[in-house]
Engineer: 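My questions will all concern the structure given below.
Order of listing sets the numbers, starting from 1, for every ligand and every atom in it. Positions are given from 1, in the same order as the sequence printed here.
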Amino acid sequence: MTERSLPSISDLIRQRQERHTPPAGFYNREDLFNVDINVFFHNQWIFVGIECDIPESGDVYAVDIGDTGILLVRDDSGKPQAYYNTCRHRGARLVPAGKSIVGKLVCPYHQWTYELDGALVEAPHMGGDLNRECFSLRSVALRSVSGLLYVCLAEKPPEDVVDLIEIMEPRLLPYELGETKIAFEMEIVEEGNWKLVIENNRECYHCAVTHPELCSSFIDLDFGFDPEFLLADDRHRASEHEARYADQTALWEREGLPSAAVEHLVGHATNFRTQRLMMAGTGESQTMDTRAACRLPLGRMSLTGVGDIHLWGHNCWHHFMRDHAICSTVLPLARDKTLVRTKWLVHKDAVEGVDYDLANLISVWKATNEQDAALVKLAQEGINNRGYQSGPYSRFTEKQLDHFMIWYVDRLTAYGY
Ligand code: 3BY
Ligand code: FES
Ligand code: FE
């Protein structure tokens with residue numbers, strides 16, 4: 001197809017058939033990629049970091065979201081702040097992407113200097129009549145969900161982020177994420193559109209064949225963690241599975257640990273799903289032997305078998321276990337390139353080599369991420385093939401993909417596409 005004959009984005013959206021993979025253009029059109037950045041990354045709440053990325057006052061963590069860089073900084077009062085990473089003088093980038101430590105934020109170009117609360121305090125050569133109060137750093141909306149940092153660049157951020165906070169805070173508080181540190185960080189530039197990365201994380205159709213390490217940590221190899229993920233051949237076991245989940249969930253909830261599945265997917269602005277999942281073997285952790293990888297637990301939970309809380313967003317996934325957590329963030333780089341950044345959290349006092357063995361800690365998700373990256377690349381390559389045609393989703397194991405697409409199209413529509 002030549003550029004000239006491409007359908008409009010609205011027409012492309014209308015070509016999507018329910019319960020089927022969307023047209024290739026959803027994953028490889030440059031114009032739709034730019035729209036995606038605007039709608040899903042500059043107007044929705046996105047997960048960008050964790051409070052332990054900036055543990056002390058003066059710690060800075062700069063993240064680029066498409067062409068727009070933001071910086072997270074812990075201010076002198078100990079509060080995380082977020083600003084656009086652009087100077088109020090002639091706009092230069094203030095800090096490089098990644099982590100740094102500052103006393104004040106000093107622009108490298110002409111040294112305009114800002115306090116950590118964003119106030120402009122020095123503007124050499126500008127004369128006494130410059131009203132400094134008019135040139136503070138521009139704030140970005142920031143919410144800490146029990147230590148998980150979400151930002152939104154929209155003028156009017158979706159208000160239903162309060163639902164995410166209300167649901168997640170009681171689930172995450174016992175893990176005391178404020179008392180954690182990052183034991184390991186991994187970045188993969190996946191060769192696929194960001195939606196392929198997210199979709200791949202929302203189904204386990206591929207898990208049994210692709211992820212031996214991950215499967216060994218979930219309850220029963222051939223079981224899903226949620227009945228809707230059960231393989232078709234195991235549908236007759238759904239009631240047995242549901243009963244086990246219902247019993248376990250009731251037990252956790254009696255212990256004061258909110259556990260039931262909560263889905264804010266279709267029909268909500270802010271997309272998330274959470275559930276406390278049962279794990280295999282000892283049920284302690286997602287490790288090769290299902291035992292805790294870290295001797296020091298997170299938080300102060302007396303119960304040892306607390307399962308694995310998963311949390312999905314439209315640009316992230318997380319797993320919170322008693323001994324460690326993993327948090328992955330998804331940031332699009334190009335229509336067919338996506339950065340997946342994963343962090344492994346342990347208690348801040350845990351010592352590598354004493355309380356945990358790093359290779360053991362990261363064994364399951366490092367392998368899983370690499371295996372998933374290979375699948376995402378294959379998916380993108382096949383979708384770019386001129387012979388690609390829309391295919392059907394499994395109603396058993398791929399329902400969540402259809403839900404994601406419904407949400408995606410709804411959001412595009414809400415933003416006028
Ligand atoms: O989100 C989950 O819990 C699982 C783990 C990997 C794939 N995903 C569907
Ligand atoms: Fe920052 Fe000039 S652009 S001080
Ligand atoms: Fe996978």
Engineer: Does CD in E159 sit with more than 12 non-hydrogen atoms of other residues, nucleotides or ligands closer than 6.0 Å?
Structural biologist: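 Counting other residues, nucleotides and ligands, CD of E159 stays at 12 neighbours or fewer.
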
Engineer: Compute the angle centred on the Fe ion (ligand 3) spanning NE2 of H211 and OD2 of D372, and express it rounded to 10 degrees.
Structural biologist: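 Reported to 10°, the angle equals 100°.
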
Engineer: Residue-level breakdown please: for T368 versus ligand 1, do any non-hydrogen atoms fall below 4.0 Å on the side chain, on the backbone, on both, or on neither?
Structural biologist: neither

Engineer: Check Q111 against ligand 2 and report side chain, backbone, both or neither, counting heavy atoms closer than 4.0 Å.
Structural biologist: backbone

Engineer: Does H319 come within less than 4.0 Å of ligand 1, judged by its heavy atoms?
Structural biologist: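 Yes, H319 has a heavy atom closer than 4.0 Å to ligand 1.
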
Engineer: Please confirm if an N, O or S atom belonging to H206, backbone or side chain, lies less than 2.8 Å from the Fe ion (ligand 3).
Structural biologist: yes

Engineer: Dump the intermediate steps for side chain to side chain contact (heavy atoms under 4.5 Å, CB included) on N193 and Q380, then the final yes or no.
Structural biologist: CA-CA 7 Å; N193 185 268; Q380 183 72 54; 3.4 Å; yes

Engineer: Using a 4.0 Å heavy-atom cut-off, say whether W317 meets ligand 1 through its side chain, its backbone, both or neither.
Structural biologist: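 Near ligand 1, W317 shows nothing, with every heavy atom at 4.0 Å or more.
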
Engineer: Is there at least one pair of N or O atoms, one from H310 and one from ligand 1, spaced under 3.5 Å apart?
Structural biologist: yes

Engineer: Taking only heavy atoms of Y109 into account, list the atoms of ligand 2 that are under 4.0 Å away from them.
Structural biologist: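 So the atoms of ligand 2 that pass are 2 (Fe), 3 (S).
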
Engineer: Do any N or O atoms from the side chain of R322 and from the backbone of M301 form a donor-acceptor pair under 3.5 angstrom?
Structural biologist: yes

Engineer: Taking CG in L378 as the centre, count heavy atoms belonging to other residues, nucleotides or ligands within less than 6.0 Å. Is the count above 12?
Structural biologist: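 More than 12 within 6.0 Å, yes.
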
Engineer: Does even one non-hydrogen atom of L277 get within less than 4.0 Å of ligand 1?
Structural biologist: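 It does; at least one heavy atom falls under 4.0 Å.
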
Engineer: Looking at W112, which atoms of ligand 2 are within less than 4.0 Å of one of its heavy atoms?
Structural biologist: 4 (S)

Engineer: Using only atom types and a distance under 3.5 Å, with no angle test, would you say the side chain of D117 pairs donor to acceptor with the backbone of A119?
Structural biologist: yes

Engineer: Give the atom numbers and elements of ligand 2 that come within less than 4.0 Å of a heavy atom of A92.
Structural biologist: 3 (S)

Engineer: Nearest 0.5 angstrom please: L148 CG to C327 SG, how far?
Structural biologist: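 With rounding to 0.5 Å, CG (L148) is 5.5 Å from SG (C327).
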
Engineer: Would you verify whether the NZ or CZ of R411 falls within 45 degrees of the ring axis of F40 while also being under 6.0 Å from that six-membered ring's centre?
Structural biologist: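 No, a cation-pi geometry is absent between R411 and F40.
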
Engineer: Give a yes or no answer on whether the side chain of W407 reaches the backbone of A269 with a donor-acceptor pair at less than 3.5 Å.
Structural biologist: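 Pair found, side chain donor or acceptor close to backbone of A269.
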
Engineer: At a 4.0 Å threshold, what atoms of ligand 1 neighbour a non-hydrogen atom of W312?
Structural biologist: 1 (O), 2 (C)

Engineer: With atom 1 (Fe) of ligand 2 at the centre, find the angle made by SG from C87 and SG from C107, to 10°.
Structural biologist: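 With atom 1 (Fe) of ligand 2 as the vertex, the angle is close to 100°.
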
Engineer: Do any N/O atoms on E203 end up under 3.5 angstrom from N/O atoms on ligand 1?
Structural biologist: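 No, no N or O pair falls under 3.5 Å.
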
Engineer: What N, O or S atom of H89 is found closest to atom 2 (Fe) of ligand 2?
Structural biologist: ND1

Engineer: Report the residue from F41, F272, W317, Y150 that forms a ring-ring contact (aromatic ring centres under 6.0 Å, His included) with F47.
Structural biologist: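 Looking at F41, F272, W317, Y150, the match for F47 under the ring-ring contact (aromatic ring centres under 6.0 Å, His included) is Y150.
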
Engineer: Checking side-chain contact (heavy atoms from CB on, under 4.5 Å) against Y393, which of E398, E203, H403 comes through?
Structural biologist: E398

Engineer: By atom name, which N, O or S atom of H110 is the nearest to atom 2 (Fe) of ligand 2?
Structural biologist: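 Sorting the N, O and S atoms of H110 by distance to atom 2 (Fe) of ligand 2 puts ND1 first.
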
Engineer: Would you call the rings of Y175 and F320 parallel, tilted or perpendicular, taking 30° and 60° as the class edges?
Structural biologist: tilted

Engineer: Would you say the Fe ion (ligand 3) has C207 as a near neighbour, meaning an N/O/S atom of that residue under 2.8 Å away?
Structural biologist: no

Engineer: Would you mind checking which non-hydrogen protein atom is closest to atom 3 (S) of ligand 2, with the distance to 0.1 Å?
Structural biologist: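 Answer for atom 3 (S) of ligand 2: R90 N, 3.3 Å.
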
